Amino acid sequence: ECFPEFRKAADGECVLFMDNLATQSTQECTAALKKSNTKPHFLPPNCTDMLQPIDAGVGLRTKQLLKVHFEDWLEEPGHLERWTGGQVPAWERRVLITKWLGEAWAEVTVTVDFEAIGRRTGCLVT
């Protein structure tokens with residue numbers, strides 16, 4: 001139910017490694033995982049930066065670049081006043097954030113050494 005595409009490719013029981021995010025450890029989530037024949041395995045607290053590539057630098061760099069794009073936009077004439085004055089509607093904020101995230105990700109993919117992060121976190125399969 002939660003992972004239909006993933007489960008189509010998997011036979012038998014699967015193990016899903018997760019951090020200790022509160023929403024992932026609810027009875028509802030655990031029940032959905034059990035229903036899909038997936039066993040959750042919670043990682044020890046405060047170690048995701050050692051085990052998950054997104055927490056080992058990719059996520060931080062993406063957030064940093066997202067902030068740069070946001071600040072660049074705010075510096076354009078009239079934008080700061082619109083943003084702080086509540087004059088940017090939700091749909092436009094979503095479009096802008098999606099645009100900035102795409103630009104940030106394009107930069108991340110050419111500046112971050114994914115192979116090194118994969119080796120460091122043990123997630124590189126060769």
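None of these values were measured; they are calculated from a predicted model.
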Within a strict 4.5 Å, meaning less than it, do heavy atoms of the [X] and [Y] side chains meet?
X	Y	value
Q24	D19	yes
T30	T26	no
L66	F70	no
P89	R94	no

Note to self: For the backbone of S36 and the side chain of T38, can you confirm whether one donor and one acceptor N or O come within less than 3.5 Å of each other?
What the structure shows: yes
Next item on the list: State whether the side chain of R61 and the backbone N or O of V112 hold a donor-acceptor pair below 3.5 Å, judged by distance alone.
Entry: no
Notebook entry, point to check: Can you tell me how far CZ of F17 sits from NZ of K39, rounded to the nearest 0.5 angstrom?
Noted result: 10.0 Å
Side-chain heavy atoms nearer than 4.5 Å, only ILVMFWY residues, links allowed to pass through others: does that put [X] and [Y] together?
X	Y	result
L74	L96	yes
I117	I54	yes
W73	L101	yes
L21	M18	no

Item checked: Heavy-atom neighbours of E76 CD exceed 12 at 6.0 Å -> yes
Item checked: By side-chain hydrogen bond (donor to acceptor under 3.5 Å, both in side chains) - contacts of R120 (at least two apart) -> none
Check: Of the non-hydrogen atoms in T62 and V58, which two are nearest, and what is the gap between them?
Finding: OG1-O, 2.8 Å
Going by atom type alone, with no hydrogens or angles, which donor-acceptor pairs under 3.5 Å involve a side-chain atom of residues 40-49 and a protein atom two or more places apart or on another chain?
{"from": "T48", "atom 1": "OG1", "to": "D55", "atom 2": "OD2", "distance (Å)": "2.9"}

Table please: side-chain donor-acceptor pairs of residues 103-110 below 3.5 Å, with sequence neighbours left out.
{"from": "E103", "atom 1": "OE1", "to": "H69", "atom 2": "ND1", "distance (Å)": "3.2"}
{"from": "E103", "atom 1": "OE2", "to": "K99", "atom 2": "NZ", "distance (Å)": "2.9"}
{"from": "E107", "atom 1": "OE2", "to": "H69", "atom 2": "NE2", "distance (Å)": "2.6"}
{"from": "T109", "atom 1": "OG1", "to": "W105", "atom 2": "O", "distance (Å)": "3.3"}
{"from": "T109", "atom 1": "OG1", "to": "A106", "atom 2": "O", "distance (Å)": "2.9"}

